Amino acid sequence: MSTLDPLIIAQVDALLTDEHNPITALANAAALLYNSMSDLNWAGFYLYSETTDSLDLGPFQGQVACMHIQPGRGVVGTSYRQNQALRVPNVHEFAGHIACDAASNSEVVIPLSVNGRVIGVLDIDSPLLDRFSESDLKTLQDFAQALTPHLDATILRKVYWPASNLMQQ
Ligand code: SME
């Protein structure tokens, strides 16, 4: 297993230049990430929807996955609710872990913020135990920070936050 090359931060920024559709941007961000790290079985996004009051499955690479996760549930919902990155070396020891893919043994989840609001999370799974180092976590947090300025808040608001202006600065 190798450490994630920090070059991915510049790559995602360049890749998404002038892209205005957030789903398009997240789809290619997931593909870039999935193909830049060894030993992954899933990489993608869950986006909070005001309509369903859940984190809805977004663009991803990997096996079919759970489509709606409630805030506070699983690693994804916990990271979202606490607005905190979670590095889980052994998912079987995380109380409430949601096993979408039985092959997963370790996981990293990183909240995504747009205009100061947590709009969802980046979720990455590995079949290896303790796949993600502290260094990987830091690079993935920087990756998330480079990615979010490319997500158009106006479009996100229309689809995911139809009843509120909470995403306006
Ligand atoms: N394992 C996650 C669920 C999402 S899948 O890994 C794609 C969790 O416990 O929240």
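Numbering of ligands and ligand atoms starts at 1, following listing order. Keep in mind that this is a model prediction, so the values were computed, not measured.
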Within 4.0 Å of some non-hydrogen atom of Tyr46, the atoms of ligand 1 are 4 (C), 7 (C)
At under 4.0 Å between heavy atoms, what of Phe94 touches ligand 1? The answer is neither
Item to complete: Compute the shortest N/O to N/O distance between Arg73 and ligand 1 and return yes if it is under 3.5 Å, no if not.
Response: no
Tell me whether Thr78 contacts the main-chain N or O of Arg73 through its side chain, where contact means a donor paired with an acceptor under 3.5 Å.
no
Logged contact type for Ile69 with ligand 1, heavy-atom cut-off 4.0 Å, is side chain
For Ile98 and ligand 1, does the shortest N/O to N/O distance drop below 3.5 Å?
yes
Ranked by distance from atom 5 (S) of ligand 1, the top protein heavy atom is Cys100 SG, 3.3 Å
- Task: Could you check if a side-chain atom of Leu26 sits within less than 4.5 angstrom of a side-chain atom of Leu147, using non-hydrogen atoms only?
- Result: yes
Candidates Asp125, Ile124, Val76; heavy atom nearest atom 10 (O) of ligand 1 found on Val76
Is any side-chain heavy atom of Gln145 closer than 4.5 Å to a side-chain heavy atom of Ile9? no
With Phe60 as partner, the option from Tyr46, Tyr34, Trp42 fulfilling side-chain contact (heavy atoms from CB on, under 4.5 Å) is Trp42
*Can you check whether Phe132 reaches Met37 side chain to side chain, under 4.5 Å on heavy atoms?*
yes
Within the 4.0 Å heavy-atom cut-off, what Val75 brings close to ligand 1 is both
From the list Ile110, Asp130, Asp136, side-chain contact (heavy atoms from CB on, under 4.5 Å) partner of Arg87 resolves to Asp130
When distances are taken from atom 2 (C) of ligand 1, the protein heavy atom at minimum range is Glu107 OE2, 3.1 Å
Ligand 1 to Trp42, heavy atom cutoff 4.0 Å, flagged ligand atoms 7 (C)
Hydrogens and angles aside, do Tyr48 and Asp56 bring a side-chain donor and acceptor to less than 3.5 Å of each other? no
Within the 4.0 Å heavy-atom cut-off, what Asp123 brings close to ligand 1 is side chain
In Ile98, Val88, Ile69, the residue satisfying side-chain contact (heavy atoms from CB on, under 4.5 Å) with Val75 is Val88
If we number the atoms of ligand 1 from 1 as shown, the ones under 4.0 Å from a heavy atom of His97 are 1 (N), 9 (O)
